[in-house]
Participant: 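Here it is, the structure in full.
Residue numbers begin at 1 in each chain, while the letters A, B, ... track the order of the sequences.
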Amino acid sequence: MAAVKETVDQVRAIDVDQYKYGFVSDIESEVFRKGLDEEVVRFISAKKNEPEWMLEWRLDAYRRWQTMDEPTWARVSYPKIDFQDIHYYAAPKSTSGPKSLDEVDPELLKIYDKLGIPLREREVLAGVEGAKVAVDAVFDSVSVVTTFRDELAKHGIIFCSISEAIREHPDLVKKYLGTVVPVTDNYYATLNSAVFSDGSFVWIPEGVRCPMELSTYFRINEKNTGQFERTLIVAEKGAYVSYLEGCTAPQRDENQLHAAVVELITMDDAEIKYSTVQNWYPGDKDGKGGIYNFVTKRGDCRGHRSKISWTQVETGSAITWKYPSCILRGDDSQGEFWSIAVSNGHQQVDSGTKMIHLGKNTASRIVSKGISAGKSQNTYRGQVSVNRRAANARSFTNCDSLLIGNKCGAHTVPYVESRTPSAKVEHEATTSKISDEQLFYCISRGLSPEESVALIVNGFVREVLQQLPMEFAVEAQKLIGVSLEGSVG
Amino acid sequence: MTMLEINNLHAEIESEGREILRGLDLVVKPGEIHAIMGPNGAGKSTLSHILAGKPGYAVTEGTATLDGVDLLELDPSARAAAGLFLAFQYPVEIPGVGNVTFLKAALNAQRKARGEGEISTPDFMRLLKTAAAKLEIGQEMLKRPVNVGFSGGEKKRNEILQMAILQPKLCILDETDSGLDIDALKIVAEGVNSLRSPDRSFIVITHYQRLLDHIVPDVVHVLAKGRIVRSGGPELALELEAKGYADFAEEAA
């Protein structure tokens, strides 16, 4: 059980307070003044040499955002955010846009090295042989590099930053952007539409199976800076892609805002597998600092027999507000949501999914594993809705919560709504604690308390871990162990 | 030379302050099998819990050493690494954790604590295969999560499998015979017997003589009201079977 051992070694190597990715990199940045108004929106658009239509799109979003109110229904509490006290644009000075690796500032490469993310194309993920992963690296507001582009281009695949896509592939972007998450979808999605700075764009042509994992690594470095990334992934008929995003941020005393929008579209017989390992800085042991992670992620199974699967391992952020969802529009389409949400310290998680069944014979599956430790609050919020035209829709939810200690909370809030008599909707939920008996049983066999918790928790989440691309499953397993450091004894 | 030496051990349940062990003495030599019998509530399971270091008990007086090492000073996991093994009366389920994964993690944790390197996977698999075959434990049972969905007999066999893999110096079997039918009892007993060696000792806690037909003890003790009140050879178990514990309860009083 090397992974458990590694987990424990990592746990030992750090203090509760020492978030591994908490370093600040000394990179010279261009930061636009704080505050949000039309000038900022125009500045961002101009910085990215965007066409007029994109600027108009942004300004429209900005004007609509001004008329909206912050949502308050989630089971999280935090002081009111001052949106005028945030920088909306920060970029490393040396980078004006993604270029070839040779041109990337070596200091930036070093940072990604330190994060364990391979940007040099000859490299593979640490310790994983033969695993080729194409990476788009987003640093504060800009994409600094995208790897393996030439190889992907041979298959007709477009993998680039969204800024570049707006310039180079405007027709594709115009056709799909905002069609899954409309500009006015919700407060943060609208804000994102106005000020999004970068993110990834993926387009897989008809009938192509993407030959490698694609991934984006987001890094917030600059102080008082919001990160608003925008990701758009389109799989045309019969296409397949597996995509992974990872995120880290320096350790800072003040809270930072991250409000992303991710849109996925699958046409007939296409499949997108989207995995997230979210490890934003969670704040210190007293609950100071940490990222506010307010994210809108939605997939549209637009074609028949298409499939979208979300897998998430959420260990970071002070507050997580996130519901990766599927609109099952095409007949026989399938949506899946596999989630592990770990909260420790003072973290607050309100996360889950929505499965909107519109087409006939659509199927959804939700497997959610919440682990709460410390003084954290962990809520699963899910909606399954079956339209009257969605004959024979099937949905299965399995929602398990695990409590460690007696100062944390786990909550399950399922909404189920069915308008067709032929639908079959099932919901199962359990809440359990790591019992003293389980702990003592492991410890009496020679495992330390930390090893025992890591082992029990990894058993609890195994089903979901198995959904991750293999090279990331080990990483995720370690991360869970590290996140629960200090939760026993 | 002694394997286990307990002197004047007093212990209570922490939350209640109720004294369970009241000056218990016990000496077990290497290679010996000791049976501890006695009425319900005498403190048999408590003794096994205290030796293994289960939280919730307070030792108020006395000592316990394993192979010269002060057991009471060690954390429970260190006691395991020092060679103590408790076969649970009620083995605990750990969902999602494969039996093999668990065994290997435990073995390596102990080896690490002793400053030994991790066992190689081929060596581990060989060890596992041999031990599992003796206990009639198939591949399917090894793959299942620890004790989840196991029958009573399977759980107890699994405890003996752990014992065989971890190779402890002192094995404590806490009512391992409870919930076993006669066939399962034989398999478990054969598993234990095959682990007998001159440098390994056993304490077998049981209510019934039946188990001792299959695991023949060197010494039989009667534990009543927190102390060993009488010790003898295997014939003592037969006497208890015939007469019950009533007499000993009085002796201790």
Participant: Search all heavy atoms of A/C442 against all heavy atoms of B/F102 and return the closest pair with its distance.
Facilitator: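 Heavy atoms of A/C442 and B/F102 come nearest at SG-CE1, 3.8 Å.
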
Participant: State, to 0.1 Å, how close B/A109 and A/L447 come at their nearest heavy-atom pair, and which atoms those are.
Facilitator: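 Answer, listing the atom of B/A109 first, then A/L447: CB-CD2, 3.8 Å.
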
Participant: Can you name the closest pair of heavy atoms from B/A106 and A/R445 and give their distance?
Facilitator: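 Taking B/A106 first and A/R445 second, the nearest heavy atoms are CB-O, 3.5 Å.
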
Participant: Counting only heavy atoms closer than 4.5 Å, note whether A/F460 contacts chain B via side chain, backbone, both or neither.
Facilitator: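 Interface part for A/F460: backbone (N, CA, C, O).
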
Participant: What residue, out of B/G96, B/P168, B/G53, has the most heavy-atom pairs lying under 4.5 Å from chain A?
Facilitator: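 Ranked by contacts with chain A, first place is B/G96.
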
Participant: For residues 79-95 of chain B, give me every residue with a non-hydrogen atom less than 4.5 Å from any non-hydrogen atom of chain A.
Facilitator: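 B/A80, B/F85, B/L86, B/A87, B/F88, B/P91, B/V92, B/E93, B/I94, B/P95 fall under the 4.5 Å cut-off.
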
Participant: With a 4.5 angstrom heavy-atom cut-off, is it the side chain or the backbone of B/A113 that approaches chain A, or both, or neither?
Facilitator: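 Answer is neither: B/A113 stays 4.5 Å or more from chain A.
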
Participant: Considering heavy atoms only, which positions within residues 9-21 of chain B lie below 4.5 Å of chain A?
Facilitator: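 The stretch does not come within 4.5 Å of chain A.
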
Participant: Under the side-chain hydrogen bond (donor to acceptor under 3.5 Å, both in side chains) rule, collect the residues that match up with B/S197, sequence neighbours excluded.
Facilitator: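 side-chain hydrogen bond (donor to acceptor under 3.5 Å, both in side chains) check on B/S197 returns B/D199.
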
Participant: Rounded at 0.5 Å granularity, tell me how far NZ in B/K54 sits from CG in A/L439.
Facilitator: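 Output value for this atom pair is 11.5 Å.
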
Participant: Could you tell me which residues in residues 142-163 of chain B have at least one non-hydrogen atom under 4.5 Å from a non-hydrogen atom of chain A, sorted by residue number?
Facilitator: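 The stretch touches chain A at B/V146, B/N147, B/E159, B/Q162.
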
Participant: First locate atom CZ of A/R462, then atom OG1 of B/T101, and finally report the distance between them rounded to the nearest 0.5 Å.
Facilitator: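 The distance works out to 7.0 Å.
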
Participant: Any chance NZ of A/K354 has more than 12 other-residue heavy atoms, nucleotides or ligands included, within less than 6.0 Å?
Facilitator: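 Not buried by this count: 12 neighbours or fewer within 6.0 Å.
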
